[in-house]
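Have a look at the structure below before the remarks.
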Protein chains: 2
Amino acid sequence: MAKAMARTAADTTDTTSPQGRIRRENVERILKAAERVFAEAGFAGATMADIAERAGLPKANLHYYFGTKDELYRAVLDNILRMWLAPIDSFTPDADPSVALTAYVIAKMEASRTRPHASKVFANEILHGGNQVERFLAEDLKSLVDAKAGVIDGWVAAGRMAPVDARQFLFMIWAVTQHYADFDVQIRKVLGRRSLTRQDFAAMTAEVLRMVLRAAGLPEPEIPITPTDSVPSNL
Amino acid sequence: MAKAMARTAADTTDTTSPQGRIRRENVERILKAAERVFAEAGFAGATMADIAERAGLPKANLHYYFGTKDELYRAVLDNILRMWLAPIDSFTPDADPSVALTAYVIAKMEASRTRPHASKVFANEILHGGNQVERFLAEDLKSLVDAKAGVIDGWVAAGRMAPVDARQFLFMIWAVTQHYADFDVQIRKVLGRRSLTRQDFAAMTAEVLRMVLRAAGLPEPEIPITPTDSVPSNL
DNA sequence: GGAAAAGCTGACTGTTCGGTCAAGAACTGA
DNA sequence: TCAGTTCTTGACCGAACAGTCAGCTTTTCC
């Protein structure tokens, strides 16, 4: 109950405050370890001891920075949600549908490749009722989808892409791209691969893109996809 | 350690044996309750007490039929896996791609509608490493996918559908259709619906089908989809 | 250099949960 | 009817776990 206790999850957001170097570093280490453990074991299956071990810190230290397991979990989720919304910015009324869709699919596939744990934590949360993200879904995400569905409807009305139910179309993109992170085990086993390389992802991305563009009634790109290694990460 | 203890999960499979009526009924009740609780809470988050309460039986009774929580979980998974493979039977070399794909997508969407808990339990298992289904994935499912990919490749080679990577195409169908069970919370919140009715599912199925057929370069169906209520369930 | 603040942590606690057990009730078949 | 089998269940146990805390060290800032 020391005064320091008051500085917890919420402060993670505040990257401008002059919080100590030590605090910042440790919070980051803990969040990184927690994201991984929560992804692998789910909220209930994860233990503070596991997370502590992965972070290389004693368990009591976690409780110093994050009062409770719940608080730590919410901090991990916050981190993930903030990242979730960004890449769809490419959807604007004036944008070329092909270009916007291509950029979006590539960004989502890159997210699945580079931050699979984040995707899994989110999937796990939704799967088990999403109580922790109810507000996010019903407000932030809904607003975004409403807006972007409007953009897509505009594209359709202008004859720039085939008629689709904009919301279902977005669901399809999410489902397919996130599948490569969330169901990686299944994909690897079915393909008989031990792991999915960057090359694998490049090929899968190209194929997903092809199918998505076809579903939108758009011509397939001539240029092959070259994945970059630069994906902004706030973790 | 009574002799009866030996009759556990494995017997669930054997529906022909003249096992007692009471046993059969209770095993079924427990499996049904367990599927639901495991779906809602995951393996670690589910408690035997929760399952017992949902089944309307004392906890010790569960341990009489299923020795351990692990054993019960495996029985639930077994039940689900058996169901997983069936609907893709419509993929045969001589079948019409449009008809086969339509039947498959409808079957998968119906599974998501009528057995969402099963889908969630499976998703949860894969999400957390799939240790319990490793053999299923690497053997049964891989064989099936290899075979059906061959069928699809044949369709493509015969010019009966657009060129696709058969395996990625199957992943897409799985991802999209299962998404409606696994991510139902997200879908409901984004659409602003309290629940998804049969009519909602009919509309979503039609849209998914349209996108899948387009992705396969096939003409869209003239006839609207009319969902049936008859989905075989072995639970 | 020194005092206050921030950070650290081993040892501990209360609770929850999977699993056990022994004694009895209900069912079965001859 | 009766013996054997199957089924039932409250009470209990040990392990695992989240969370606490008091006393300590390190850092910060004047």
Side-chain angles (χ1 to χ4, degrees), chain A residues 1-12 14 17-31 33-34 37-38 40-76 132, chain B residues 1-12 14 17-31 33-34 37-38 40-76 132:
Chain A
M1 293 303 158
K3 197 173 288 178
M5 245 2 194
R7 304 180 128 272
T8 50
D11 297 338
T12 315
D14 186 0
S17 79
Q19 52 184 187
R21 195 195 80 255
I22 296 176
R23 168 168 285 265
R24 202 163 39 240
E25 282 176 6
N26 282 342
V27 162
E28 201 167 318
R29 278 174 79 171
I30 295 168
L31 285 175
V37 174
F38 282 133
E40 285 170 353
F43 176 76
T47 70
M48 292 299 273
D50 285 347
I51 297 171
E53 196 188 1
R54 181 137 254 147
L57 294 170
K59 183 166 72 95
N61 211 336
L62 270 62
H63 284 286
Y64 173 72
Y65 289 107
F66 300 88
T68 66
K69 185 184 176 186
D70 244 273
E71 220 171 305
L72 173 54
Y73 180 64
R74 251 174 280 139
V76 169
Q132 225 59 239
Chain B
M1 294 304 158
K3 197 173 286 176
M5 247 359 198
R7 302 178 130 275
T8 49
D11 296 340
T12 315
D14 186 359
S17 79
Q19 52 185 185
R21 195 195 81 258
I22 294 175
R23 167 168 284 266
R24 202 162 40 240
E25 284 175 5
N26 282 342
V27 163
E28 201 166 317
R29 278 174 78 173
I30 295 168
L31 285 174
V37 174
F38 283 134
E40 286 170 353
F43 175 76
T47 71
M48 293 299 273
D50 284 348
I51 297 171
E53 196 188 2
R54 181 138 254 150
L57 294 169
K59 183 167 72 98
N61 212 335
L62 269 62
H63 285 285
Y64 173 73
Y65 289 107
F66 301 90
T68 66
K69 185 184 177 186
D70 245 274
E71 219 171 307
L72 173 54
Y73 180 63
R74 250 174 280 139
V76 169
Q132 224 61 238

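If you're wondering where the values come from, they're calculated on a predicted model, not measured in any experiment. Numbers restart at 1 for each chain; the letters A, B, ... are given by sequence-line order, proteins then strands.
- Rounded to whole angstrom, the span from the CD1 atom of A:Ile30 across to the P atom of C:dT9 amounts to 11 Å.
- Taken to the nearest 0.5 Å, the CG atom of A:Asn26 stands 10.5 Å off from the CG atom of A:Leu31.
- The nearest whole Å value for the distance from the NZ atom in A:Lys59 to the P atom in C:dA11 is 13 Å.
- The interatomic distance linking A:Asp50 (CG) with D:dG19 (C1') rounds to 16 Å, in whole Å.
- Exactly one residue among A:Asn61, A:Leu57, A:Val76 makes a side-chain contact (heavy atoms from CB on, under 4.5 Å) with A:Ile30. That residue is A:Leu57.
- Mapping B:Phe43 and B:Ala60 onto DNA chain C by nearest heavy atom places B:Phe43 at the nucleotide closer to the 5' end.
- Note on ring orientation: taking the six-membered ring where Trp is involved, the planes of B:Tyr73 and B:Phe43 are tilted (angle from 30° to 60°).
- Close to C:dG7, at under 4.0 Å from its OP1 or OP2, lies a side-chain N or O of A:Arg23.
- Taking atom NE2 of A:His63 as the reference point, atom P of D:dC17 lies 12 Å away to the nearest angstrom.
- As rounded to whole Å, 13 Å separates atom P of C:dT20 from atom CG of B:Leu62.
- Here CD of A:Glu28 is found 12.5 Å from OH of A:Tyr65. Values are rounded to the nearest 0.5 Å.
- Summarising the geometry of B:Val37 relative to B:Arg54, their closest heavy-atom pair is CG2-CD, 4.1 Å, with the distance given to 0.1 Å.
- The distance between atom CG of A:Asn61 and atom C1' of D:dT20, rounded to the nearest whole Å, is 14 Å.
- Distance check, rounded to the nearest 0.5 Å: NZ of A:Lys69 to OG1 of A:Thr47 gives 7.0 Å.
- Rounded to whole Å, atom C1' of C:dG19 lies 14 Å from atom CD1 of B:Ile51.
- The base of D:dG19 does not come close enough to the side chain of A:Lys69 for any donor and acceptor atom to sit less than 3.5 Å apart.
- Protein atom OH of A:Tyr64 is 15 Å distant from nucleotide atom C1' of D:dG23, rounded to whole Å.
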*Which letters describe nucleotides 25-30 of chain C, given B = protein heavy atom under 4.0 Å from base, S = only from sugar-phosphate, - = neither?*
--S---

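- Heavy atoms of B:Ala46 sit under 4.0 angstrom from primed sugar atoms or phosphate atoms, though from no base atom.
- Dashed line: the shortest gap from a side-chain N or O of B:Tyr65 to OP1 or OP2 of D:dT8 is under 4.0 Å.
- The distance from atom CD of A:Glu53 to atom CG of A:Asp50, rounded to the nearest 0.5 Å, is 7.0 Å.
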